[in-house]
Colleague: 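Structure below; questions to follow.
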Amino acid sequence: MSTTHSDTRSYLDNTGDNPAVRARLVVGDNDFHAITEKVCGIVEMPKTPKMWWVAFAISSSLTLVLFAMIGYLITTGIGVWGLNVPVGWGYAIVNFVFWVGIGHAGTLISAILFLLRQRWRTSINRFAEAMTIFAVVCAGIFPGIHVGRIWFAYWLFPIPNQMLMWPNFRSPLLWDVFAVGTYATVSLLFWYMGMIPDLASIRDRATTRLRYYIYGFLSLGWRSSNRHWHRFEFAYLLLAALATPLVLSVHSVVSFDFAVSIMPGWHTTIFPPYFVAGAIFSGFAMVVTLIIPTRKLFHLEEIITKRHLENMAKIMLATGMMVGLAYSTEFFMAWYSGNQYEAFTFLNRAFGPYAWAYWIMVTCNVVVPQVFWFSKLRNNTLILWIASVLINVGMWFERFVIVVSSLSRDYLPSSWGYYRPTAIDVLTFVGSFGLFFTLFLLFIRFLPLIGMAEVKGVMPQAHLDRPGHKGHGDYHGDIAGAEVV
Amino acid sequence: MENQTMTAGDETVLYGYLAEFDKVDDLLVGAATVRDAGYTKWDAHTPFVIHGLDAAMGVKKTILPYVVFGAGLTGTTAGILLQWWTNAIDYPYLISGKPLFSLPANIPVAFETTILFAAISALVGMLALNGLPRLYHPLFRSRAFKRATDDHFFISIEADDPLFDADATRELLESISGRKVEEVEDVV
Amino acid sequence: MSSIKPTGATYWRSLDELSRTPEFAEAVQREFPNDEFDTLPPATRRQFLMVMGASLAMAGLTACRWPKEEIVPFAHRPEFRVPGVPEHFATSMEIGGAALGMLVTSFDGRPIKAEGNELHPDSLGALSAVAQAQVLQLYDPDRSRRLLLRESGQEFVKRWDDFRAIVPAQFAGDGAGIAVLAEASSSSTQAKLREKFLGARPGARWYEYEPLSRDNEREGTRLVFGSAQRVHPELTHAAVVACFDADPLFDHPASLRLAREFAAARDPESGAGARLYAAESTYSLTGVRADDRFAVASNRVPALLAQVAHRMVADHGVDLPAAAAGFAGSVDSAASDAEARFVQALANDLAAHPGYSVILVGPRQAPAVHALAAVLNHALDGVNHTVTYSSVPDPDRPSHFEAIAELAARMGSGEIETLLILGGNPAYNAPGDLGFAELLAKVPTTIHLSLYDDETSQRCTWHLPCAHTLESWGDGAAWDGTVTLRQPLIEPLYGGRSAIEVIALVAGDEPISGRDLVRRSLGQDLPAMSSEVGWRGALRDGVVDGTAWQKTTPKLSPSALAGAVDSLRSVLDTPDPTSDRLELVVMGDAKVLDGRFSNNGWLQELPDAITKVTWDNALLISPATARELGIGDGEVVVVEANGATLELATYVLPGQARNSVCVALGYGRTAAGQVGDGVGVDANPLRTVAAPYVLRGATIRGTGRQYALATTQDHFAIDTIGFNERNHRVENLVREASLDAYLANPDIFHEYDHHPPLISLWKDHEYEGEQWGMAIDLNTCIGCNACVVACQAENNIPVVGREQVLNQREMQWIRLDRYFKTDPDVPIDEIDNAEVVFQPMTCIQCENAPCEQVCPVAATQHTPDGLNAMIYNRCVGTRYCSNNCPVKVRRFNFFNYHKDLADTTKMQFNPEVTVRARGVMEKCTFCVQRIEAVRINARNDNRPIADGEITPACAQTCPTRAITFGNLNDPKSKVSHSREEHRSYATLAELNIRPRTHYLARLRNTAEESGGESHAPSHAEADTHGKESV
Amino acid sequence: MNEDKSNHIFIFPRWTWVLRPGVALGALGGLLYAAVVVTFGFSPVATDVGYEPVQPVPYSHALHVGQLGVDCRYCHSTVEKAAHAAIPPTQTCMNCHAMIRANSEKLIPVFESYATGMPVEWIRVHDLPDYVYFNHSAHVRRGVGCVSCHGRIDTMEVVAQVEPLSMGWCLRCHRNPEPHLRPIEFVTQLDWVPMEDQAILGRRLRETNNINPPTDCNTCHR
């Protein structure tokens, strides 16, 4: 099939943009079976690679650290964190927003790109969705543990009770409960549903009874019937259509936590778009951070091609610019509004006690992505990887700046303060990464990390290659007139 | 039958015929032929979605969208009613001098419940309409069929299709698949 | 109290859960073991109060169904006792020889709160922070619980009988070799017992010592009148008040009364505008309030006063009595233009208001300076107008420092066989040059009666546990002599005895109870007392009306005056301090005084009014001096004076006088208890008998080390952005204008609000019925912290300890915001004089409360009567409300701050207020428990609530009545009136939060601004009085 | 073309059909169960009602109130003027028992208490959490009968808790007090039955005594 090559670049490189030729989404000589082999092969591996074990050992011990910290917190009190009055929210909320943000790329890739018919998504969407779920799991922990009386946290849910009390639906925190809850559920459904046919593939290749039963159970007896495929496609389309506004709403609602308050630096109308852009930004950064090593480790360069990486780099560039714009807009508004509190808050961000955090943020989020302007740099996997890691750092600091610097100095100078995280704060945060990677490693080892069925669907072989048919794929001819039963 | 497991004493009946293809084109043509032959209890099995196959098979458009839409509406109403009843009717209290019930503050939650209900109904509806989960199916008794999730394509015609005729149907299938048709049996 | 170690795996929903733990049950056993009762006399009423108290305390502590909870009723309920209904008893406490009347709330036998006694001349219903904290001290678990005999390095636990047994031997004979060292006391009972004791033992000597003595004033009057007089400032009609190192509004036995009078003298609505001048080395609360404050080294204060005298004579022909003429000429040159300006303005003003002006000199100034002031007051016709005199009790006693010096000398020479120390803690707080602690070893038998087994007790052979003020009978005299009674609220928790009981015991008096002693003595003084009716009436009132001392009108004594002039000369001749020979001012701490309250968590954690420092004392130093010496803020420095050294952190304080550094006494205790030990550093070693207050020739050098002072507010020096913004915001937050500007344009304070009309998106809620509101008058608030402690006592607010304060987790509901106002043109490190303003900030009960809408569980919401309610048992602790509170007055329980409290301490809790669990937000609720109590009673008797019937704890105790509370829907209520005043404004009104607490703007009344014209309440009279004035 | 060497093939047994209804049922049942446990299981209705501890003295309300007709307020004398309806001092018992049953075994704790002055330690039955501030006078003086909360004490040999005393229970009455209102004079009459329809009477009493119980938090929580 290499005849469709438009130039002389190595056969693995499909980043060229020649309008005359449709760049291939899967490179190398792969037929359907080869794809199945590659992907299922990872799950069926007789022995796990060393690298995996090393990574798992580290991440799972970090997870233990997380649980230890939570235990200490619950038994001792929120005081083990560095919080105070005025800064009532610190790491916990920063981490929450950070993780929720990361959890955006997945659904975005699967849903929005799906609706936009961006077929290149197929190689990475499963992966990204998985990442979304795990990020949301990490995110979900923090609002849970940051309340003073965790054992009463269930009061946030509208459960009938002997007190005849209900939660207060005017509170953005309650909106959060619903938004994040819905998002987690929908992402999970989306992810699982997409996986059903691939689980069936693993089932059908099973060489041991246990594996057959496990994957057989998970794939719910999928028998790739076309009548099923029909409804499956529809359900998938609908979920995508639902997830798209959802993914936008989630970070908007998270931003309401701040925007609805009256704190200078929080109370601003640009937060929703600003947060969503940031979320996508950080989400893609995290996808890239994870996908580059994974694709090396399991030799998936032919399925997750350089073009995929490049596209993501471009998206990061775009969203990075949006974020940068948001930063400058905030400053403009602070000055233009003539509100002395607002003005001071931003002056204080850039030059006050927390200036260091602010400038880390700007460097990582605005300066670093500029390298993606250059094709050479963005196509250099190493540079791309380093940049995306830096962007993750920057996005964490963005949340830190928003949450902490605004609170530390608000209306009354008499109650200004300074927030210092404690070791517990830091370890809890690090621990959450442990949890994230633990889940992630389990995923790439035991579940199909690439949507085989979808990838096959976008391969040339999936379409009619009979001469004389226009378009590609769709079968015309003697079916045309036939009336439908 | 040589490639089917037979445990002694198993009473079996014919479930239907299974024809195998390895080219998308043949499958599409075949499907159209079977459709035009007027069969109703038959199906095609493919490892991935094949454009045009629905048309070739004459699959009716699913009612799923209406289910999901209904669920979504339910979600919205539930969301609004919940907030209105709890905060304005059952235990009204004065918060920041705000009105007891004001739509703007209730939009986020109502929106989320809408999506939640709709999304769940989408998956559950899809499974229900497909009659899944169904871990056991006679087709799974065929070894060849295992490639239906890998790289091969199949057409199956059930024995209890009104038009089913042991020989005629076999001929039809062999003519379109150009290879031997497999008889799939079911245990009772 | 420093129970902030993050330990303990359990949480409480309230104290209830604790009571389920076996430790508690066991602790309760410890607290009230049966043998305790055995030692007590058979069933008395008060014993049952105690039992009830204890049992209810326990009972109140359980709320969960399982396990079972017990109810212990009285066996014999006293008449008129209704369990669960608080009672109030009038009693008093004594500090430095002046008795202060209080009204103590007793809940089922547990005294839980001290308030002022309206009938008492020095209280008038108000009570200082220190006095209110007595309740906590009562329950202090560190108080000594037993008699101790220390011999040859061993300790023996003894009983009172053992002590009684040694008395005859120790106090036998004519008393030669016997000495008694007592605290100042105004008790006539004690005086009588002393006479009896000394009468029987002519050889014995009685010494009186107070580390913070006011004797200089006493001696000063002696220099002028030939006989010691007590000075009573009368500020009600004062037009000009000049304070020289004096702090009449805070540091004075009658400060509560003086503050009230001063507030009246400045009420702008009645046109009164007394003008206050202050010349002082470090901030006093009076200085803060001054219209014209001049920061000058204490050492130069006399020169200032002398110049004022000179100017008055020279420019205004004020004639001094011949004998005192020498005073006038003593100094006539000012050291600086600023000084000259101040002197001139003051001299003009004083001379312009004869009969309405008064000069007050502080206790740290030499007698001669007081003498000069007395002469000037005389010349200004102040006597019997702005200052009155009365005789002093025991006029011939040597001054406190002479007394302790003489005692020390005799101890050193081994004359003393037996030394009985009644209270006090001389081993800690005697002047350093005496080495008193060591001298104790030279006395064979030393007996110390004390609340704690403190530094002195540990060096004495005998330690006797003292009964607490609230545990004992006694009497005393108010500053003006009014007889004041003291009655116990509870049986001595630890079997202590009061001073009079011990004196009676050693005097060989037949052992009788304190009650009988007091009653016998009063019966002798006042015939009325001998009748049961009179006695009960006196007990009810806590004071005996009309027993104040006769006012005297002493004549100047020329012979004495001659000496006064000479001694003033010598005072004036001392050179002014320089940066290498600094002046170190040692002052009593505003919270722990001389250290007697060091073990009181409320006071230790109370932020100092000016520095906001808690749990520490610091070296106050002016920015300029700090710069000259190259010392930074918070740097640890070594101070050397009189050969002794001191190592502590600096606090750079704008408004501190150049070349004068200041440190507070009362810190660095070693045997205070678990709260007070090791807090701050002890400055006593630097003091000398000759110079106990103002130490000359001190040097300091930096160590480069930094020390974090636990302040509840930023230091003066922060990053420039913050510094500028803060200065920029203050004028809007704490609105202030000159009196004339205000009178000229009453709306001046509303020119600050420039914001668009405040409209809502929805129809505003209508508030019907009682609508509570508050008004705080910044013009009369003097920042005395009384409200903060009142609130803490009333609302069971925990003490969190130094580390937590460092983490900005202090819990006091009332934050007394302190802002410096400085001239923006003057560089920070050149500032000599900064204006300080206070703004008491607590929950302002916004109608559109930002905190409410963000609470996901509706744990904070609005009540129909307009309170911003906080429901602790509903709170899950998201802290969102605190984040969204524009004034940051919400407090969060980061840990279980009550976990490590002693069970006695828990007896102080107010059962009407929920004790907050860990992880719960809390805040001011306008004392909703008080509101509900009144409301229920009013409703029960079908009557409306009268204005003033409900008083929150803070308003109740405010000495200047700066806080008014009431129903805003009642146009006739006091608070409604304050709301209508032009000075009334709302903080952060532009946020449309509609606070229920409004502030009344602050007024300044300096001479320049009003062209020398002060707004005396009665100009006309002023002139008729001031014939001789030009 | 991958040919399996083995002749073996895995397959789920036919009976796995039943899984489908099973899954559905499980989901529904689970939800139902959770709802029941949350709404009922944890509430005081289930935990507290019926608490009937044994008292140090077998004091019988049935005898004293039911048969001898002692009025509640004879012992619980503070109920009309204070928040607490105080347990009577030993003295009160002795008012009668100085003569009556003066040598009864059962009364020994009382006599001891009277002699030594040490209290009798009764076990609390009706117990509210510390953060709840209930005021007896406020209710009794408005015509809420003792029986409304304490039940027919006059028939109890041993006092037991008959009402849940939960927040919801309090609120129900605060929202609609009429069923529990009676003329003040009958407040302590446990067996009182209205002459007329309680609905009408309740409404009238509510108007005449202008009773409008608050339901805001500060009413009970401080």
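What you see is a predicted model; the values in this text were computed from it and never measured. Protein chains get the first letters and strands the later ones, always in sequence-line order, with residue 1 at the start of each.
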Colleague: Tell me, please, which residues at least two apart from D:S113 pass side-chain contact (heavy atoms from CB on, under 4.5 Å).
Modeller: C:A75, D:T90, D:V120
Colleague: Residues of residues 167-185 of chain D under 4.5 Å from chain A (heavy atom pairs)?
Modeller: D:M167, D:G168, D:L171, D:R172, D:R175
Colleague: Under 3.5 Å, is there a donor-acceptor pair linking the side chains of A:D198 and A:S201?
Modeller: no
Colleague: Test D:E80 against every option in D:R141, D:R73, D:R142 by the salt bridge (Lys or Arg N to Asp or Glu O under 4.0 Å) rule and name the one that passes.
Modeller: D:R73
Colleague: Classify the ring geometry of A:H230 against A:F234: parallel below 30°, tilted from 30° to 60°, perpendicular beyond 60°.
Modeller: perpendicular
Colleague: Hey, what's the ring geometry for A:W155 with A:F152, parallel, tilted or perpendicular (30° and 60° as the breaks)?
Modeller: parallel
Colleague: Mind telling me whether D:W122 and D:Y59 have parallel, tilted or perpendicular rings, with 30° and 60° as the class edges?
Modeller: perpendicular
Colleague: Taking side-chain contact (heavy atoms from CB on, under 4.5 Å) as the test, write out the residues that go with A:R445, two or more places apart.
Modeller: A:M45, A:T48, A:W52
Colleague: Between A:Y213 and chain D, with a heavy-atom cut-off of 4.5 Å, which part of the residue counts as in contact: side chain, backbone, both or neither?
Modeller: both
Colleague: Go through A:Y212 and D:F12 one step at a time and tell me if the ring pair (Phe, Tyr, Trp, His ring centres under 6.0 Å) criterion holds.
Modeller: CA-CA 9 Å; A:Y212 181 88; D:F12 278 91; 5.5 Å; yes
Colleague: Could you check whether the rings of A:W89 and A:H146 sit parallel, tilted or perpendicular, using 30° and 60° as the cut-offs?
Modeller: perpendicular
Colleague: side-chain contact (heavy atoms from CB on, under 4.5 Å) between A:T107 and A:V186: does it pass, once the steps are laid out?
Modeller: CA-CA 9 Å; A:T107 320; A:V186 173; 5.9 Å; no
Colleague: With chain D as the partner chain, list the residues of residues 166-183 of chain A whose heavy atoms fall under 4.5 Å from it, by residue number, and write 'none' if nothing qualifies.
Modeller: none
